[in-house]
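Encoded as C-alpha cells, the structure appears first; notes follow it.
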Amino acid sequence: MQLTVIGGGLMGSGIGQVAAQAGFKVTIIDVSEASLEKAKNRISDSVVKLAQKNRINNPEEVLSNITFSSQWESVSHADVIIEAVPERMDFKKETFKKIDQLAKDSCLLATNTSSLSITEIASVTSRPEKVIGMHFFSPVPLMPLLEIVKGYKTSAETTEFARVVGEKLGKRMITAEKDFPGFLMNRIWLPMVNEACFAVMEGVGTPEEIDQGFIDGYGHAMGPLKTIDMAGIDTALWAMEAIYEGFNDSKYRPCPLLKKMVEAGDLGKKTGRGFYSYN
Ligand code: NAD
C-alpha cells in the first residue's frame with residue numbers, strides 16, 4: 001500500500017517512519033528542502049537506535065521504503081494520505097483543496113491535527129465522507145496511541161479504513177465519536193498544561209518544580225512543560241487557541257506567557273529554547 005505524508009516535520013517524519021516500518025511504500029512531502037533533510041536524518045537516527053535495541057531487524061529496508069519529495073506526484077497514486085502541516089486552519093484547508101484535486105477516489109484522507117475541526121477541514125473537499133482525524137502522539141515511533149476522530153460527515157467505511165491502517169501501523173486506538181475542539185485527549189490535557197504555564201507566569205513555581213511534581217507525584221514519564229518544549233510551544237499555543245475559539249469559553253484562554261514565548265521565538269527544543277535551554 002502507498003502512503004503519502006504531507007508535512008515532514010516532527011510528526012510527519014515520525015508517521016512516515018512508522019508506516020515504512022509497517023511495510024508501506026511511503027512518500028514524505030514538504031515545502032521545505034531543509035525540513036526534508038532534517039526528516040531524513042531524524043528517521044535514519046531513529047531507525048538505527050531501534051535496530052540497536054532489537055526493536056526492528058531491517059533498518060535498510062525501512063529506509064528504502066521512504067521517498068522524500070517537494071513534489072506532489074505521489075498524491076495521485078496514494079491509498080492513504082496523512083496530512084501533518086502546521087496547526088493552522090488556512091494551511092490545512094489549502095493542503096486539502098490540493099489533495100482533493102489529485103487523490104484517487106478510494107484514497108483515505110487523514111489529518112493529524114491536534115485540535116482543529118475535522119469537519120471544517122473536510123468541507124473544502126468534494127468528499128467530506130472520506131476525511132478523518134488520525135491524531136498520533138509524539139514521538140510517533142514510541143507512543144502506542146492513535147486517536148481516531150470522526151468528522152461530522154465521516155462515513156463508517158472511512159472510520160473502518162482508518163482503523164485498519166492504524167492496526168497495520170501497530171497502534172492502539174481510541175475514538176472520538178464527535179468532532180469537538182481538542183477531541184478527547186487535548187481537550188483534557190492541554191488546559192492542564194496551560195494552567196502549568198499560568199503557575200510559571202505568576203511565579204508560583206518553576207518549570208523544574210512543576211515537572212518534577214508530575215513525575216514524582218503522578219507517575220508521569222515527563223512533566224507537562226518539558227513535554228510542550230518537545231512538541232513545540234507554537235503548536236501548543238495554536239491548539240489551545242483552537243480549543244478556546246471552538247468552545248468560545250474563557251476557561252480555555254491561552255496563557256499570555258505562551259503567546260510571549262512564541263513572539264520571542266522560544267518555541268522549545270526545535271529553536272534551542274523554551275521552558276528549558278537546549279544545546
Ligand atoms: P512541524 O512544524 O514540526 O512540521 C510541520 C512541517 O510542515 C514543516 O516541516 C513544514 O515545512 C511543513 N509544511 C508547511 N506547510 C506545508 C505545506 N503547505 N505542504 C507541505 N509541507 C508543509 O509541526 P509538527 O509538530 O510536526 O505538527 C504537525 C501537525 O501535527 C500539526 O497539526 C500538529 O498540531 C499535529 N500534532 C503535533 C504534535 C506534536 O507533539 N508536535 C502531536 C500531535 C499532533
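Along the sequence shown, residues carry numbers from 1. Read the numbers this way: they start at 1 and go in the same order the structure lists the ligands and their atoms.
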Using heavy-atom distances, let me know which of Leu267, Val31, Asp90 sits nearest atom 15 (N) of ligand 1. Val31
Does one side chain, of Glu208 or Gln212, offer a donor that lies under 3.5 Å from an acceptor on the other? no
Please indicate, with yes or no, if any protein heavy atom is found under 4.0 Å from atom 23 (O) of ligand 1? no
My understanding is that we take every heavy atom of each candidate and find the minimum distance to atom 31 (C) of ligand 1. Doing that for Leu36, Val85, Thr113, Thr95, which one comes out nearest? Val85
Could you walk me through whether Lys270 and Asp234 satisfy the salt bridge (charged side-chain N to carboxylate O under 4.0 Å, His left out) test, starting with their C-alpha distance in whole Å, then the side-chain angles of each, then the deciding distance to 0.1 Å, before giving a yes or no? CA-CA 11 Å; Lys270 64 184 166 188; Asp234 48 351; 3.0 Å; yes
Which protein heavy atom lies closest to atom 37 (C) of ligand 1, and at what distance to 0.1 Å? Met11 CG, 3.3 Å
heavy-atom search around atom 3 (O) of ligand 1 in the protein gives Leu10 N, 3.0 Å
If we ignore angles and hydrogens, is there a donor and acceptor under 3.5 Å between the side chains of Thr95 and Glu83? no
Give the residue, atom name and distance (to 0.1 Å) of the protein heavy atom nearest atom 43 (C) of ligand 1. Phe136 O, 3.1 Å
Salt-bridge contact Glu129-Lys153 (side-chain N to carboxylate O under 4.0 Å): no
Do the side-chain N and O atoms of Tyr276 and Asp211 include a donor-acceptor pair separated by under 3.5 angstrom? yes
Purely on distance, is any nitrogen or oxygen of Ser35 under 3.5 Å from one on ligand 1? yes
Look only at interatomic distance and state if Glu87 has a nitrogen or oxygen under 3.5 Å from any nitrogen or oxygen of ligand 1. yes
Of the protein's non-hydrogen atoms, which lies at the shortest distance from atom 4 (O) of ligand 1, and what is that distance? Gly9 CA, 3.2 Å
For the residue pair His135 and Phe137, categorise the inter-ring angle as parallel (less than 30°), tilted (30 to 60°) or perpendicular (more than 60°). tilted
At less than 4.0 angstrom from any non-hydrogen atom of Pro86, what atoms of ligand 1 do you find? 5 (C), 7 (O), 13 (N), 14 (C), 15 (N)
When only distance counts, is Ala231 in polar contact with ligand 1, meaning an N/O pair under 3.5 Å? yes
Do any N or O atoms from the side chain of Ser115 and from the backbone of Pro181 form a donor-acceptor pair under 3.5 angstrom? no
Heavy-atom proximity to atom 33 (C) of ligand 1 ranks first, among Ala34, Ser114, Ser138, for Ser114
Counting distance only, does the side-chain N/O of Lys168 pair as donor-acceptor with the main-chain N or O of Ala19 below 3.5 Å? no
Going by distance alone, is a donor N or O of one side chain under 3.5 Å from an acceptor N or O of the other, for Thr27 and Ser69? no
Donor-acceptor contact present, side-chain Asn65 to main-chain Ala20, <3.5 Å: yes
Check: Phe91 N/O within less than 3.5 Å of ligand 1 N/O: no
Pick from Val5, Asn112, Asp30: the one approaching atom 9 (O) of ligand 1 most closely through a non-hydrogen atom: Asp30
Numbered in order shown, the ligand 1 atoms found under 4.0 Å of a heavy atom of His135 are 43 (C), 44 (C)
Looking only at protein heavy atoms, which one is nearest to atom 2 (O) of ligand 1, and how far off is it? Lys270 NZ, 3.9 Å
Heavy atoms from other residues, nucleotides or ligands near NZ of Lys269 exceed 12 (cutoff 6.0 Å): no
Can Ala239 be said to touch ligand 1, with heavy atoms closer than 4.0 Å? no
Side chains of Ser138 and Met230, heavy atoms from C-beta outward: is any pair under 4.5 Å? no
Looking at ligand 1, does any of its N/O atoms fall within less than 3.5 Å of an N/O of Ile6? no
Mind checking whether Lys92 has a heavy atom under 4.0 Å from ligand 1? yes
